[in-house]
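Nothing here was measured: the structure is a model prediction, and the numbers come from that model. Every chain is numbered from 1, with letters handed out A, B, ... down the list of sequences.
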There are 2 protein chains.
Amino acid sequence: MANTEGRILAAAKEVFIAKGFDGARMQEIADIAKINKALLHYYFRSKDKLFEAVFKETLLQIGPMVLSFVNEPIPLEVKIWKFVDEYIEIIKNNPKLPLFILNEIHVNPERVINFLNIGAFLDTDALQAQLNKETEVLSTSRIDVKHFVVNILSMTIFPFIGKPIMQKTLKIKEDDWEKFLEERKRIIPQTIMNWIKINQKV
Amino acid sequence: MANTEGRILAAAKEVFIAKGFDGARMQEIADIAKINKALLHYYFRSKDKLFEAVFKETLLQIGPMVLSFVNEPIPLEVKIWKFVDEYIEIIKNNPKLPLFILNEIHVNPERVINFLNIGAFLDTDALQAQLNKETEVLSTSRIDVKHFVVNILSMTIFPFIGKPIMQKTLKIKEDDWEKFLEERKRIIPQTIMNWIKINQKV
DNA sequence: GTCTATAAAGGGATAGAC
DNA sequence: GTCTATCCCTTTATAGAC
(Lines give C-alpha, C1' and ligand atoms only; values in the text may rest on other atoms or scores of the structure.)
Protein backbone atom coordinates (compact mmCIF):
# COMPACT_ATOMS: atom_id res chain seq x y z
CA MET A 1 0.00 0.00 0.00
CA ALA A 2 1.14 3.56 -0.71
CA ASN A 3 3.78 4.87 1.66
CA THR A 4 2.70 4.58 5.25
CA GLU A 5 4.31 7.75 6.53
CA GLY A 6 2.35 9.80 4.03
CA ARG A 7 -0.90 8.17 5.00
CA ILE A 8 -0.19 8.79 8.67
CA LEU A 9 0.56 12.44 8.06
CA ALA A 10 -2.58 12.89 6.02
CA ALA A 11 -4.72 11.17 8.62
CA ALA A 12 -3.09 13.10 11.45
CA LYS A 13 -3.63 16.37 9.65
CA GLU A 14 -7.28 15.57 9.16
CA VAL A 15 -7.88 14.65 12.78
CA PHE A 16 -5.78 17.38 14.36
CA ILE A 17 -7.46 20.05 12.27
CA ALA A 18 -10.94 18.71 13.01
CA LYS A 19 -10.49 18.12 16.75
CA GLY A 20 -7.47 20.16 17.81
CA PHE A 21 -4.47 18.69 19.60
CA ASP A 22 -6.31 17.94 22.84
CA GLY A 23 -9.36 16.49 21.17
CA ALA A 24 -7.43 14.34 18.71
CA ARG A 25 -7.04 10.62 19.45
CA MET A 26 -4.12 8.53 18.30
CA GLN A 27 -6.55 5.66 17.79
CA GLU A 28 -8.64 7.65 15.34
CA ILE A 29 -5.58 8.70 13.40
CA ALA A 30 -4.46 5.08 13.21
CA ASP A 31 -7.89 3.96 12.05
CA ILE A 32 -8.05 6.52 9.26
CA ALA A 33 -4.50 5.68 8.17
CA LYS A 34 -5.56 2.02 8.25
CA ILE A 35 -2.79 0.96 10.60
CA ASN A 36 -2.57 0.41 14.37
CA LYS A 37 -1.50 2.71 17.15
CA ALA A 38 1.87 1.03 17.65
CA LEU A 39 2.93 1.95 14.15
CA LEU A 40 2.18 5.59 14.80
CA HIS A 41 4.72 5.54 17.57
CA TYR A 42 7.16 3.67 15.37
CA TYR A 43 7.11 6.47 12.78
CA PHE A 44 6.63 9.41 15.12
CA ARG A 45 7.79 8.82 18.65
CA SER A 46 4.89 10.58 20.36
CA LYS A 47 1.68 12.52 19.85
CA ASP A 48 3.67 15.70 20.33
CA LYS A 49 6.16 14.82 17.63
CA LEU A 50 3.40 13.82 15.24
CA PHE A 51 1.59 17.07 15.84
CA GLU A 52 4.79 18.99 15.35
CA ALA A 53 5.33 17.33 11.98
CA VAL A 54 1.79 18.09 10.87
CA PHE A 55 1.81 21.67 12.09
CA LYS A 56 5.18 22.46 10.55
CA GLU A 57 4.22 20.93 7.22
CA THR A 58 0.95 22.85 7.21
CA LEU A 59 2.59 26.19 7.89
CA LEU A 60 5.27 25.60 5.30
CA GLN A 61 2.62 24.72 2.78
CA ILE A 62 0.38 27.70 3.32
CA GLY A 63 2.59 30.50 4.59
CA PRO A 64 4.88 31.47 1.74
CA MET A 65 2.38 30.62 -0.97
CA VAL A 66 0.13 33.45 -0.03
CA LEU A 67 2.60 36.17 0.66
CA SER A 68 4.99 35.48 -2.19
CA PHE A 69 3.83 38.41 -4.28
CA VAL A 70 2.92 40.84 -1.52
CA ASN A 71 6.44 42.17 -1.40
CA GLU A 72 6.68 42.41 -5.19
CA PRO A 73 6.51 45.72 -7.06
CA ILE A 74 3.09 45.54 -8.64
CA PRO A 75 0.41 48.25 -8.43
CA LEU A 76 -1.41 48.45 -5.13
CA GLU A 77 -4.87 47.80 -6.46
CA VAL A 78 -3.70 44.78 -8.44
CA LYS A 79 -1.93 43.49 -5.37
CA ILE A 80 -5.09 43.71 -3.31
CA TRP A 81 -7.28 41.99 -5.89
CA LYS A 82 -4.72 39.24 -6.38
CA PHE A 83 -4.20 38.71 -2.69
CA VAL A 84 -7.88 38.44 -1.83
CA ASP A 85 -8.60 36.21 -4.79
CA GLU A 86 -5.75 33.79 -4.12
CA TYR A 87 -6.22 33.75 -0.36
CA ILE A 88 -9.92 32.95 -0.62
CA GLU A 89 -9.19 30.17 -3.10
CA ILE A 90 -6.56 28.63 -0.84
CA ILE A 91 -8.69 28.75 2.27
CA LYS A 92 -11.67 27.43 0.35
CA ASN A 93 -9.65 24.27 -0.13
CA ASN A 94 -8.65 24.25 3.55
CA PRO A 95 -11.51 26.05 5.26
CA LYS A 96 -10.73 24.77 8.72
CA LEU A 97 -7.07 25.71 8.67
CA PRO A 98 -7.21 29.30 9.96
CA LEU A 99 -9.23 28.50 13.05
CA PHE A 100 -7.08 25.47 13.76
CA ILE A 101 -3.84 27.43 13.62
CA LEU A 102 -5.15 30.38 15.60
CA ASN A 103 -6.62 28.15 18.27
CA GLU A 104 -3.47 26.08 18.73
CA ILE A 105 -1.51 29.28 19.16
CA HIS A 106 -4.03 30.27 21.77
CA VAL A 107 -4.37 27.12 23.86
CA ASN A 108 -0.74 26.12 23.69
CA PRO A 109 1.64 28.83 22.55
CA GLU A 110 4.68 26.93 23.80
CA ARG A 111 4.00 23.98 21.54
CA VAL A 112 3.76 25.98 18.35
CA ILE A 113 5.79 29.11 18.98
CA ASN A 114 8.91 27.67 17.42
CA PHE A 115 7.31 27.29 14.01
CA LEU A 116 5.74 30.69 13.77
CA ASN A 117 8.87 32.10 12.24
CA ILE A 118 8.32 29.90 9.24
CA GLY A 119 5.43 31.60 7.47
CA ALA A 120 4.32 35.17 7.27
CA PHE A 121 7.21 37.32 6.21
CA LEU A 122 5.99 40.74 5.37
CA ASP A 123 8.03 43.80 4.49
CA THR A 124 5.81 46.32 6.24
CA ASP A 125 8.11 49.23 5.48
CA ALA A 126 7.99 48.60 1.75
CA LEU A 127 4.25 48.22 1.84
CA GLN A 128 3.87 51.42 3.86
CA ALA A 129 6.00 53.20 1.25
CA GLN A 130 3.77 51.93 -1.52
CA LEU A 131 0.71 53.09 0.41
CA ASN A 132 2.27 56.53 0.90
CA LYS A 133 2.96 56.84 -2.81
CA GLU A 134 -0.62 55.89 -3.56
CA THR A 135 -2.18 58.40 -1.18
CA GLU A 136 0.17 61.09 -2.44
CA VAL A 137 -1.10 60.62 -5.96
CA LEU A 138 -4.69 60.67 -4.71
CA SER A 139 -4.05 63.63 -2.42
CA THR A 140 -5.63 61.81 0.48
CA SER A 141 -4.30 61.38 3.98
CA ARG A 142 -1.92 58.57 4.75
CA ILE A 143 -3.04 55.03 5.52
CA ASP A 144 -1.37 53.17 8.36
CA VAL A 145 -0.03 49.92 6.98
CA LYS A 146 -0.99 48.09 10.18
CA HIS A 147 -4.68 48.82 9.74
CA PHE A 148 -4.42 48.24 6.01
CA VAL A 149 -3.11 44.72 6.56
CA VAL A 150 -5.45 43.95 9.43
CA ASN A 151 -8.47 45.15 7.46
CA ILE A 152 -7.69 42.97 4.47
CA LEU A 153 -6.77 39.91 6.49
CA SER A 154 -9.83 40.32 8.72
CA MET A 155 -12.36 40.61 5.95
CA THR A 156 -10.79 37.74 4.03
CA ILE A 157 -10.22 35.20 6.79
CA PHE A 158 -12.98 35.89 9.30
CA PRO A 159 -15.89 34.62 7.21
CA PHE A 160 -14.30 31.16 7.24
CA ILE A 161 -13.64 31.23 10.97
CA GLY A 162 -17.14 32.41 11.76
CA LYS A 163 -18.93 30.49 9.02
CA PRO A 164 -21.56 28.79 11.22
CA ILE A 165 -22.50 32.04 12.93
CA MET A 166 -22.44 34.03 9.68
CA GLN A 167 -24.68 31.47 8.05
CA LYS A 168 -27.09 31.51 10.93
CA THR A 169 -27.21 35.24 11.56
CA LEU A 170 -27.35 36.24 7.91
CA LYS A 171 -29.42 33.28 6.76
CA ILE A 172 -26.90 32.13 4.16
CA LYS A 173 -27.70 28.59 3.08
CA GLU A 174 -24.90 26.15 2.39
CA ASP A 175 -25.75 26.22 -1.31
CA ASP A 176 -25.23 29.98 -1.38
CA TRP A 177 -21.94 29.96 0.52
CA GLU A 178 -19.79 29.53 -2.58
CA LYS A 179 -21.57 32.42 -4.25
CA PHE A 180 -21.11 34.51 -1.11
CA LEU A 181 -17.36 33.91 -1.22
CA GLU A 182 -17.21 34.91 -4.87
CA GLU A 183 -18.96 38.15 -3.99
CA ARG A 184 -16.41 38.82 -1.30
CA LYS A 185 -13.59 38.68 -3.85
CA ARG A 186 -15.15 41.79 -5.31
CA ILE A 187 -16.41 43.44 -2.13
CA ILE A 188 -13.19 43.34 -0.12
CA PRO A 189 -10.94 45.10 -2.67
CA GLN A 190 -13.74 47.58 -3.24
CA THR A 191 -14.04 48.30 0.47
CA ILE A 192 -10.31 48.78 0.83
CA MET A 193 -9.87 50.94 -2.25
CA ASN A 194 -12.79 53.19 -1.41
CA TRP A 195 -11.42 53.65 2.07
CA ILE A 196 -8.12 54.80 0.64
CA LYS A 197 -9.64 56.97 -2.06
CA ILE A 198 -11.77 59.34 -0.01
CA ASN A 199 -9.77 59.36 3.13
CA GLN A 200 -9.90 63.13 3.60
CA LYS A 201 -6.71 65.09 4.16
CA VAL A 202 -6.79 66.98 7.46
CA MET B 1 -16.77 31.60 51.95
CA ALA B 2 -18.78 33.21 49.13
CA ASN B 3 -21.22 30.93 47.39
CA THR B 4 -19.56 27.82 46.06
CA GLU B 5 -21.56 27.48 42.89
CA GLY B 6 -20.51 30.94 41.79
CA ARG B 7 -16.86 30.21 42.46
CA ILE B 8 -17.09 26.97 40.49
CA LEU B 9 -18.68 28.71 37.53
CA ALA B 10 -16.06 31.45 37.56
CA ALA B 11 -13.21 28.95 37.77
CA ALA B 12 -14.72 26.76 35.09
CA LYS B 13 -15.18 29.70 32.78
CA GLU B 14 -11.57 30.69 33.24
CA VAL B 15 -10.22 27.22 32.52
CA PHE B 16 -12.57 26.33 29.68
CA ILE B 17 -11.81 29.58 27.89
CA ALA B 18 -8.08 29.21 28.35
CA LYS B 19 -7.80 25.53 27.42
CA GLY B 20 -10.97 24.66 25.54
CA PHE B 21 -13.28 21.82 26.53
CA ASP B 22 -10.83 19.05 25.66
CA GLY B 23 -7.85 20.70 27.27
CA ALA B 24 -9.65 21.68 30.46
CA ARG B 25 -9.15 19.54 33.57
CA MET B 26 -11.71 19.15 36.32
CA GLN B 27 -8.83 19.09 38.81
CA GLU B 28 -7.62 22.51 37.73
CA ILE B 29 -11.12 23.95 37.97
CA ALA B 30 -11.47 22.51 41.45
CA ASP B 31 -8.11 23.94 42.51
CA ILE B 32 -8.94 27.43 41.29
CA ALA B 33 -12.36 27.27 42.95
CA LYS B 34 -10.56 26.10 46.11
CA ILE B 35 -12.64 22.95 46.48
CA ASN B 36 -12.14 19.31 45.50
CA LYS B 37 -13.19 17.44 42.41
CA ALA B 38 -16.00 15.56 44.13
CA LEU B 39 -17.78 18.79 44.86
CA LEU B 40 -17.73 19.74 41.21
CA HIS B 41 -19.74 16.66 40.45
CA TYR B 42 -22.03 17.38 43.35
CA TYR B 43 -22.99 20.74 41.86
CA PHE B 44 -22.76 19.84 38.18
CA ARG B 45 -23.19 16.17 37.42
CA SER B 46 -20.48 15.95 34.76
CA LYS B 47 -17.87 17.87 32.82
CA ASP B 48 -20.37 18.18 29.98
CA LYS B 49 -23.03 19.70 32.22
CA LEU B 50 -20.54 22.11 33.73
CA PHE B 51 -19.38 23.20 30.31
CA GLU B 52 -22.94 23.61 29.21
CA ALA B 53 -23.67 25.90 32.14
CA VAL B 54 -20.59 28.00 31.45
CA PHE B 55 -21.17 28.24 27.73
CA LYS B 56 -24.81 29.14 28.08
CA GLU B 57 -24.09 31.78 30.69
CA THR B 58 -21.35 33.27 28.54
CA LEU B 59 -23.56 33.54 25.48
CA LEU B 60 -26.40 35.03 27.45
CA GLN B 61 -24.04 37.56 28.92
CA ILE B 62 -22.43 38.71 25.70
CA GLY B 63 -25.00 38.15 22.97
CA PRO B 64 -27.83 40.56 23.59
CA MET B 65 -25.64 43.23 25.16
CA VAL B 66 -23.93 43.95 21.90
CA LEU B 67 -26.80 43.84 19.50
CA SER B 68 -29.34 45.61 21.65
CA PHE B 69 -29.20 48.86 19.71
CA VAL B 70 -28.46 47.47 16.25
CA ASN B 71 -32.13 47.08 15.52
CA GLU B 72 -32.98 50.53 16.86
CA PRO B 73 -33.83 53.48 14.62
CA ILE B 74 -30.71 55.60 14.91
CA PRO B 75 -28.69 57.02 12.00
CA LEU B 76 -26.49 54.51 10.23
CA GLU B 77 -23.21 56.23 10.86
CA VAL B 78 -23.95 56.65 14.56
CA LYS B 79 -24.94 53.01 14.72
CA ILE B 80 -21.63 51.92 13.22
CA TRP B 81 -19.52 54.08 15.51
CA LYS B 82 -21.45 52.97 18.55
CA PHE B 83 -21.31 49.32 17.61
CA VAL B 84 -17.57 49.25 16.97
CA ASP B 85 -16.82 51.24 20.09
CA GLU B 86 -18.93 49.11 22.40
CA TYR B 87 -17.93 45.81 20.84
CA ILE B 88 -14.22 46.57 21.14
CA GLU B 89 -14.67 47.60 24.75
CA ILE B 90 -16.55 44.43 25.60
CA ILE B 91 -14.06 42.13 23.92
CA LYS B 92 -11.16 44.04 25.47
CA ASN B 93 -12.51 42.83 28.81
CA ASN B 94 -12.93 39.29 27.48
CA PRO B 95 -10.31 39.05 24.75
CA LYS B 96 -10.27 35.27 24.61
CA LEU B 97 -14.01 34.86 24.31
CA PRO B 98 -14.48 35.07 20.53
CA LEU B 99 -11.88 32.43 19.71
CA PHE B 100 -13.20 30.19 22.45
CA ILE B 101 -16.76 30.32 21.20
CA LEU B 102 -15.86 29.94 17.55
CA ASN B 103 -13.53 27.04 18.27
CA GLU B 104 -16.04 25.15 20.37
CA ILE B 105 -18.58 25.51 17.61
CA HIS B 106 -15.97 24.10 15.27
CA VAL B 107 -14.65 21.11 17.22
CA ASN B 108 -17.96 20.07 18.66
CA PRO B 109 -21.02 21.56 17.02
CA GLU B 110 -23.33 19.02 18.64
CA ARG B 111 -22.36 20.09 22.13
CA VAL B 112 -23.08 23.78 21.59
CA ILE B 113 -25.60 23.93 18.79
CA ASN B 114 -28.55 24.09 21.15
CA PHE B 115 -27.43 27.37 22.68
CA LEU B 116 -26.71 29.24 19.49
CA ASN B 117 -30.25 30.49 19.35
CA ILE B 118 -29.63 32.47 22.48
CA GLY B 119 -27.46 35.32 21.20
CA ALA B 120 -27.26 37.10 17.92
CA PHE B 121 -30.66 38.23 16.89
CA LEU B 122 -30.40 40.55 13.97
CA ASP B 123 -33.17 42.02 11.87
CA THR B 124 -31.34 41.88 8.56
CA ASP B 125 -34.30 43.13 6.58
CA ALA B 126 -34.61 46.28 8.64
CA LEU B 127 -30.88 46.89 8.40
CA GLN B 128 -30.94 46.35 4.64
CA ALA B 129 -33.75 48.89 4.41
CA GLN B 130 -31.73 51.42 6.37
CA LEU B 131 -28.75 50.80 4.09
CA ASN B 132 -30.93 51.28 1.03
CA LYS B 133 -32.22 54.58 2.33
CA GLU B 134 -28.66 55.70 2.98
CA THR B 135 -27.36 54.82 -0.48
CA GLU B 136 -30.39 56.42 -2.03
CA VAL B 137 -29.57 59.73 -0.37
CA LEU B 138 -25.96 59.40 -1.44
CA SER B 139 -26.88 58.32 -4.95
CA THR B 140 -24.53 55.36 -4.72
CA SER B 141 -25.24 51.76 -5.57
CA ARG B 142 -26.78 49.47 -3.00
CA ILE B 143 -24.82 47.73 -0.28
CA ASP B 144 -25.60 44.10 0.48
CA VAL B 145 -26.40 43.82 4.18
CA LYS B 146 -24.59 40.49 4.39
CA HIS B 147 -21.26 41.98 3.37
CA PHE B 148 -21.93 45.04 5.46
CA VAL B 149 -22.33 42.96 8.59
CA VAL B 150 -19.49 40.60 7.77
CA ASN B 151 -17.13 43.49 7.07
CA ILE B 152 -17.83 45.21 10.35
CA LEU B 153 -17.74 42.05 12.43
CA SER B 154 -14.56 40.86 10.71
CA MET B 155 -12.59 44.04 11.21
CA THR B 156 -13.75 44.35 14.81
CA ILE B 157 -13.33 40.79 16.04
CA PHE B 158 -10.46 39.38 14.00
CA PRO B 159 -7.68 41.45 15.58
CA PHE B 160 -8.43 39.78 18.92
CA ILE B 161 -8.54 36.30 17.44
CA GLY B 162 -5.31 36.79 15.55
CA LYS B 163 -3.55 38.94 18.13
CA PRO B 164 -0.32 36.93 18.39
CA ILE B 165 0.11 36.80 14.62
CA MET B 166 -0.87 40.43 14.17
CA GLN B 167 1.63 41.47 16.82
CA LYS B 168 4.38 39.44 15.26
CA THR B 169 3.74 40.26 11.62
CA LEU B 170 3.12 43.94 12.18
CA LYS B 171 5.59 44.35 15.02
CA ILE B 172 3.06 45.71 17.47
CA LYS B 173 4.44 45.56 20.98
CA GLU B 174 2.18 44.65 23.88
CA ASP B 175 2.46 48.21 25.19
CA ASP B 176 1.10 49.54 21.90
CA TRP B 177 -1.79 47.09 21.63
CA GLU B 178 -4.22 49.24 23.59
CA LYS B 179 -3.38 52.22 21.39
CA PHE B 180 -3.83 50.08 18.31
CA LEU B 181 -7.34 49.10 19.43
CA GLU B 182 -8.24 52.74 20.04
CA GLU B 183 -7.13 53.54 16.51
CA ARG B 184 -9.35 50.79 15.17
CA LYS B 185 -12.40 52.41 16.76
CA ARG B 186 -11.81 55.24 14.32
CA ILE B 187 -10.48 53.25 11.34
CA ILE B 188 -13.29 50.70 11.09
CA PRO B 189 -16.20 53.15 10.86
CA GLN B 190 -14.13 55.21 8.46
CA THR B 191 -13.48 52.21 6.25
CA ILE B 192 -17.12 51.22 6.21
CA MET B 193 -18.46 54.71 5.59
CA ASN B 194 -16.02 55.44 2.80
CA TRP B 195 -16.93 52.17 1.16
CA ILE B 196 -20.58 53.15 1.19
CA LYS B 197 -19.98 56.71 0.11
CA ILE B 198 -18.15 56.23 -3.16
CA ASN B 199 -19.63 52.96 -4.17
CA GLN B 200 -20.28 53.99 -7.80
CA LYS B 201 -23.67 53.49 -9.32
CA VAL B 202 -23.57 51.22 -12.36
C1' DG C 1 -22.23 20.63 51.70
C1' DT C 2 -17.71 19.08 51.84
C1' DC C 3 -14.26 15.85 52.29
C1' DT C 4 -11.08 11.31 51.30
C1' DA C 5 -10.61 7.32 48.88
C1' DT C 6 -11.32 4.63 45.02
C1' DA C 7 -13.55 2.78 41.09
C1' DA C 8 -13.79 2.71 36.02
C1' DA C 9 -12.54 4.07 31.66
C1' DG C 10 -9.65 6.32 28.43
C1' DG C 11 -5.61 6.96 25.94
C1' DG C 12 -0.54 7.45 25.12
C1' DA C 13 3.29 4.61 24.93
C1' DT C 14 6.13 0.20 24.88
C1' DA C 15 7.52 -4.93 24.55
C1' DG C 16 8.11 -8.51 21.81
C1' DA C 17 6.64 -11.75 18.12
C1' DC C 18 6.66 -12.18 13.17
C1' DG D 1 7.73 -2.55 8.96
C1' DT D 2 3.76 -4.21 10.99
C1' DC D 3 1.13 -6.55 14.25
C1' DT D 4 -1.06 -8.05 19.15
C1' DA D 5 -1.00 -7.55 23.78
C1' DT D 6 -0.34 -4.91 27.62
C1' DC D 7 1.44 -1.46 30.66
C1' DC D 8 0.57 2.55 33.29
C1' DC D 9 -0.57 7.09 34.01
C1' DT D 10 -4.26 10.44 33.66
C1' DT D 11 -8.83 11.88 34.25
C1' DT D 12 -13.72 11.57 34.94
C1' DA D 13 -16.93 10.00 38.06
C1' DT D 14 -18.84 7.74 42.29
C1' DA D 15 -19.12 5.77 47.22
C1' DG D 16 -19.36 6.70 51.65
C1' DA D 17 -17.76 9.07 56.02
C1' DC D 18 -18.38 13.38 58.52
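Within 6.0 Å of NZ on B:Lys171 lie more than 12 heavy atoms contributed by other residues, nucleotides or ligands.
Aromatic ring pairs are classed by plane angle as parallel below 30°, tilted from 30° to 60° and perpendicular above 60°; the pair A:Phe160 and A:Trp177 is perpendicular. Taking the six-membered ring where the residue is Trp, A:Phe51 and A:Phe100 present perpendicular rings, their angle passing 60° and hence far from 30°.
Counting only distance, with no hydrogens or angles, the side chain of B:Thr124 and the backbone of A:Leu170 share no donor-acceptor pair below 3.5 Å. Of the possible donor and acceptor atoms, one in the side chain of A:Gln128 sits under 3.5 Å from a partner among the backbone N and O of A:Ile143.
Closest heavy-atom contact between A:Phe21 and A:Lys47: O-NZ, 2.9 Å. The two residues A:Leu50 and A:Leu9 have their closest heavy-atom pair at CD1-CD2, 4.5 Å.
Side-chain atoms of A:Glu136 and A:Asn132 form no donor-acceptor pair, as typed in the model, at a separation below 3.5 Å.
Of all nucleotides in DNA chain C, those with any atom nearer than 4.0 Å to a heavy atom of chain A start and finish, going 5' to 3', at C:dG11 to C:dA15.
A:Lys37 places its NZ atom 12 Å from the P atom of D:dT4, with the value rounded to the nearest Å. Summarising the geometry, the separation between CZ on A:Arg25 and C1' on D:dT11 is reported as 11 Å, rounded to the nearest angstrom.
At the heavy-atom level, A:Ala30 lies nowhere under 4.0 Å from the strands shown.
Each of A:Gln27 and B:Asn36 was matched to the nucleotide of DNA chain C holding its nearest heavy atom; the match closer to the 5' end belongs to B:Asn36.
Proximity of residues 38-51 of chain B to DNA chain C (heavy atom under 4.0 angstrom from any strand atom) is restricted to B:Ala38, B:Leu39, B:Tyr42, B:Tyr43.
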